[in-house]
There are 2 protein chains.
Amino acid sequence: MYTMKECTVYKTIDMIGKKWTLLILLELYKGQEKYKRFNEIKNGLQDITPKVLSGRLKEMEKIELVQKNVDSSFVPIKSEYALTKKGEELLCVVQEMKRWGLKWKMGNKECGLTTCKECVL
Amino acid sequence: MYTMKECTVYKTIDMIGKKWTLLILLELYKGQEKYKRFNEIKNGLQDITPKVLSGRLKEMEKIELVQKNVDSSFVPIKSEYALTKKGEELLCVVQEMKRWGLKWKMGNKECGLTTCKECVL
DNA sequence: TTTCATAGTATACATTTGGAAACTTACTAG
DNA sequence: CTAGTAAGTTTCCAAATGTATACTATGAAA
């Protein structure tokens with residue numbers, strides 16, 4: 001018999017539906033550099049606490065949305081995070097959210113690009 | 001100064017990011033009838049409790065994703081829910097999730113249609 | 001020697017969600 | 001009178017999640 005848990009959408013939401021996950025994804029996408037450091041992400045997402053960010057990044061690494069590189073030859077140690085292909089392809093979900101959010105105005109002006117790497121809105 | 005809370009994506013996730021919201025949306029979309037009754041939705045989403053469903057439907061009505069009609073001439077009372085235009089247009093987000101979920105296989109076979117109104121996967 | 005920075009971890013606590021189960025109201029059917 | 005149904009509500013509890021604050025290691029700089 002059919003169960004909810006077999007539903008693709010259900011499974012997907014289960015993977016990416018937690019608070020911050022998609023916002024971290026978007027933050028990693030922004031800017032011109034592929035890799036971002038822990039504190040860069042943290043500062044971009046102002047309200048996130050290191051505990052939560054650290055937790056989410058680990059989950060995201062595990063399900064292969066994010067790839068982590070550690071360079072311990074640096075002092076202080078240098079950790080970098082980037083989107084994987086799988087993670088990058090999730091951006092279309094974020095873009096649809098943005099498109100929808102802009103259309104059903106929530107006080108924001110449209111920058112014109114749902115795929116803009118620069119604007120913050 | 002710029003705050004996270006002004007971000008369109010952030011605001012959108014805040015509105016629709018809670019557990020069950022998108023699944024209820026999808027459930028309302030399924031089938032041939034525009035309107036669905038409380039217990040139909042509940043049965044479609046097996047694991048949802050009436051408390052949670054009731055709560056989500058109210059939130060969704062408030063932000064105008066869902067339209068509710070009550071016909072109290074019926075016995076027992078008849079409540080029906082349908083997607084609004086605003087709600088319907090959120091389905092593209094769900095569709096992108098489905099597309100992504102199918103591409104990065106999670107054990108499901110593709111039905112071929114991300115917009116299928118019938119299949120459960 | 002004290003301070004600073006990075007990239008977190010640890011601890012304690014508060015708040016938010018969600019879930020299970022029983023209960024409610026109104027009317028109808030047997 | 002009892003049972004049943006629809007559409008929830010209520011209560012209580014557990015788990016997930018978030019927050020604040022402090023702390024860690026390492027080495028460089030002042």
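Convention: sequence-line order gives letters A, B, ...; per-chain numbering from 1.
Look at CG on L57(B): it is 14 Å from C1' on dA6(D), rounded to the nearest Å. Distance, K51(A) NZ to dA16(D) P: 13 Å, rounded to whole Å.
If you check dA7(C), dA7(D), dT17(D) against the side chain of R56(A), the one that comes closest is dT17(D). Of the listed nucleotides (dT9(C), dA6(D), dT6(C)), dA6(D) has the atom at the smallest distance from the side chain of P76(B). You'll find that the side chain of P50(A) is closest to dT9(C), out of dT9(C), dG8(D), dG18(D). Listed nucleotides dA7(D), dT9(C), dG8(D) differ in distance to R37(B); the shortest reach to its side chain belongs to dA7(D).
Salt-bridge annotation for K62(A) and E59(A): absent, with no side-chain N of the basic residue lying under 4.0 Å from a carboxylate O of the acidic one.
Residue-level contact check: K18(A) touches the backbone only, with heavy atoms under 4.0 Å from sugar-phosphate atoms and none from bases.
When the side-chain nitrogen and oxygen atoms of S54(A) are compared with OP1 and OP2 of dT9(C), one or more of them lie within a distance under 4.0 Å. In this model, the phosphate group of dG18(C) is not approached by any side-chain N or O of T49(B) to a distance below 4.0 Å at OP1 or OP2. For dG19(C), the OP1/OP2 oxygens have a side-chain nitrogen or oxygen of W20(B) closer than 4.0 Å.
The minimum heavy-atom distance linking C92(B) with E96(A) is given by the pair SG-OE1, 3.2 Å.
One N or O on the side chain of K86(A) and one on the backbone of I63(A) form a donor-acceptor pair closer than 3.5 Å.
In this structure, the side chains of I16(B) and L25(B) stay at 4.5 Å or more apart for every pair of heavy atoms.
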